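The structure appears right after this line, and notes come after that.
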Amino acid sequence: LSQPAEPLPDLPWHLEILAAAFSHRAAEGEIGHYTEGHMVVSEDDARAALAAGSTLLYGELLPRSVTQLWDAMGLRDAEVLLELGMGTGKVALQAFAELPQLRRVVGVELAPSRYKAGEIALLRLVAAMPERFAVDEHTEGCHIRIVEHGPDRCGPEGRSLEFRCGDMLQTDPADMRAADAVLMEVCLPSSLHPEVCRKTRELKPGAKVLCFADLPTVWPESLPGPGCH
């Protein structure tokens, strides 16, 4: 585990968090093919993608665009957020830092190396800010959950951020039903569109979904219409 990054002066809180967990470059907004999510890809990732019928195509949203996303989706009142296909987890972490009303954020990533980068980032964040964050659960390479400390947020019942390594289509239906919003900023192969549509049927009525695929246009005729927006 490398040394925690020192927060940059005069940055908004959510960018301080990104800098502490990932790097100053991440807080400023990384672009191109040299982000960690591109560089860490391994043969294990390729095998996981092949088994799931998915791809390893990758890109990242800039922090300022993510901030605009919250208002565009009307997420300022959301309490539970899922990010399915989180990459290294930067968007999930920014949501946790920037949207204080969120009680729970869960990120799921198929590629083990990208998940591992996110896992290390959360451990780095806890090491850098132990007065604010603590590890609640951790199974290396599979799952990590951190909680936020504070005068009204103590222990496991406080706000939590969780990263999991796995197939987003295998996300627990109970987690889907609890979500107020789901982010899927992934380029889905057309072969997976029917399965993704079926998965969104597990969401509660009125839940919001951001997906690069235009789901209404690929919705299977045999499937009842979506209850989400």
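What you see below is based on every heavy atom in this structure, not just the backbone, and it leaves out hydrogens, waters and symmetry mates. Values in this document were obtained by computation on a predicted structure and should not be read as measured data.
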| field | Under-4.0 Å salt bridge between Glu148 and Arg132 | value | yes
| task | Salt-bridge test for Asp175 and Arg164: reply yes if a basic N is under 4.0 Å from a carboxylate O, no otherwise. | result |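 Here Asp175 pairs with Arg164 in a salt bridge, since their nearest N and O are under 4.0 Å apart.
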Is the shortest side-chain heavy-atom distance between [X] and [Y] below 4.5 Å?
| X | Y | answer |
| --- | --- | --- |
| Glu83 | Val106 | no |
| Glu185 | Val91 | yes |
| Leu75 | Lys208 | yes |

Do you see a donor-acceptor pair shorter than 3.5 Å between the side chains of [X] and [Y]?
| X | Y | value |
| --- | --- | --- |
| His138 | Glu119 | yes |
| Thr67 | Gln94 | yes |
| His143 | Glu162 | yes |

Without swapping roles, check the side chain of [X] against the backbone of [Y] for a donor-acceptor pair under 3.5 Å.
| X | Y | value |
| --- | --- | --- |
| Glu109 | Gly87 | yes |
| Lys90 | Pro63 | no |
| Arg124 | Ala21 | yes |
| Asp136 | Arg145 | no |

| query | Honestly curious: do Val80 and Met176 fall in one hydrophobic cluster under the side-chain, below-4.5 Å linking rule? | reply |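 No, Val80 does not connect to Met176 through the hydrophobic network.
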| message | Hydrophobic cluster membership, with links at side-chain heavy-atom distances under 4.5 Å among I/L/V/M/F/W/Y: are Leu192 and Val218 in one? | response | yes
| Cation-pi between Arg159 and Phe96: NZ/CZ under 6.0 Å from ring centre and within 45° of the ring axis? |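 Geometry flag: set, cation within 6.0 Å and 45°.
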| Asp77 atom CG, neighbour heavy-atom count above 12 within 6.0 Å |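 Count not over threshold, so no.
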| query | Stepwise, does the side-chain contact (heavy atoms from CB on, under 4.5 Å) test hold for Leu82 with Leu183? | reply | CA-CA 6 Å; Leu82 303 184; Leu183 308 180; over 6 Å; no
